[in-house]
Q: 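Submitted below is the structure of interest, expressed as structure tokens.
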Amino acid sequence: MTGRVTAVSSDATYSFSKPNRTSVELIAGLGIEGDVHAGKTIRHQFRMAHEPDQPNLRQVHLIHEELFDELALKGYDVSAGGLGENITTRGVDLLRLPTGALLHLGAEAVVEVTGLRNPCAKINDFRPGLLGEMFALDPVSGDFTFKSGIMALVRHGGIVHPQDPIRVELPPGPHRPLERV
């Protein structure tokens with residue numbers, strides 16, 4: 001499975017959306033240089049108050065650009081960085097990757113997929129009604145699909161630019177499906 005990076009975004013302060021950049025630098029074990037969510041321990045505002053010493057499994061947030069296409073058909077104008085992601089992709093089915101999959105981004109950077117982003121109520125503050133579009137219910141199993149992207153750890157640092165290729169490396173089986181982190 002191959003794809004490409006379509007945008008990179010970061011912000012040094014806690015804000016819902018993140019501005020697009022010409023590049024971002026991934027730092028092994030920390031996240032994106034200068035991004036508020038970079039760190040060895042949890043940097044998510046809500047979770048820091050309750051679990052400040054937990055490892056940061058959310059160093060990098062990735063969203064598939066195909067989600068924005070789907071949302072546009074429903075009348076929502078969402079673009080790269082709008083949902084707070086750091087890396088926007090095209091051509092990789094992020095939500096179907098197993099836990100532990102490695103994404104090779106550009107020439108050097110490698111991130112390890114840790115789980116699904118848990119959509120929060122702030123999505124409705126960004127665009128009223130949008131939170132409901134971040135879930136899909138399987139009518140057969142009754143399971144929810146969380147569509148608001150995936151989270152990852154930085155395993156190998158490097159600079160990532162829009163248009164960089166993405167190569168997926170699956171872990172040895174059996175594969176574990178993604179869970180919310």
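All values below come from the heavy atoms of this structure, side chains included, with hydrogens, waters and symmetry mates left out.
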Q: Can we say Asp69 and Lys74 salt-bridge, meaning some charged N sits less than 4.0 Å from an Asp/Glu carboxylate O?
A: no
Q: Taking C-beta and beyond as the side chain, do Arg4 and Leu105 meet within less than 4.5 Å on heavy atoms?
A: no
Q: Just so I know, are the side chains of Ile32 and Ile27 near enough to count as touching, which here means a heavy-atom distance under 4.5 Å?
A: no
Q: Could you give me the CA-CA distance, side-chain angles and deciding distance for Val181 and Leu116, then say whether side chain to side chain contact (heavy atoms under 4.5 Å, CB included) is met?
A: CA-CA 6 Å; Val181 293; Leu116 296 167; over 6 Å; no
Q: In this structure, which one of Glu70, His64, Glu133 forms a side chain to side chain donor-acceptor pair (under 3.5 Å) with Lys147?
A: Glu70
Q: Hey, what do you get for CG (Leu71) to CG (Asp77), rounding to the nearest 0.5 Å?
A: 10.0 Å
Q: Quick check for you: to the nearest 0.5 Å, what is the distance between Ser148 atom OG and Leu131 atom CG?
A: 8.5 Å
Q: Would you say Leu137 ends up clustered with Ile123 if hydrophobic residues are merged whenever their side chains have heavy atoms under 4.5 Å apart, either directly or through other cluster members?
A: yes
Q: Of all the heavy-atom pairs spanning Leu153 and Leu57, show the shortest one and how long it is.
A: CD2-CA, 3.8 Å
Q: Using modelled atom types and a 3.5 Å cut-off, is there a donor and acceptor pairing between side-chain atoms of Asp164 and backbone atoms of His161?
A: yes
Q: Starting at OG of Ser10, measure out to NE2 of His37 and round the result to the nearest 0.5 Å.
A: 12.0 Å
Q: For the side-chain contact (heavy atoms from CB on, under 4.5 Å) test, which of Ile87, Ile166, Asn86 pairs with Leu62?
A: Ile87
Q: After noting the C-alpha distance and the side-chain angles of Phe146 and Leu95, does the key distance pass the side chain to side chain contact (heavy atoms under 4.5 Å, CB included) rule?
A: CA-CA 8 Å; Phe146 296 87; Leu95 302 179; over 6 Å; no
Q: Using the side chain to side chain donor-acceptor pair (under 3.5 Å) rule, pick out the option among Glu112, Gln59, His104 that qualifies with Arg155.
A: Glu112
Q: Output the distance between atom CE (Met151) and atom NE2 (His61), rounded to the nearest 0.5 Å.
A: 5.5 Å
Q: Can you label the angle between the Phe16 ring and the Phe126 ring as parallel, tilted or perpendicular, going by 30° and 60°?
A: tilted
Q: Distance from Ile150 atom CD1 to Thr89 atom OG1, nearest 0.5 Å?
A: 7.5 Å
Q: Quick check against the 3.5 Å criterion: does Asn124 have a side-chain atom that pairs as donor or acceptor with the backbone of Leu130?
A: yes
Q: Distance check, rounded to the nearest 0.5 Å: His156 atom NE2 versus Leu26 atom CG?
A: 11.0 Å
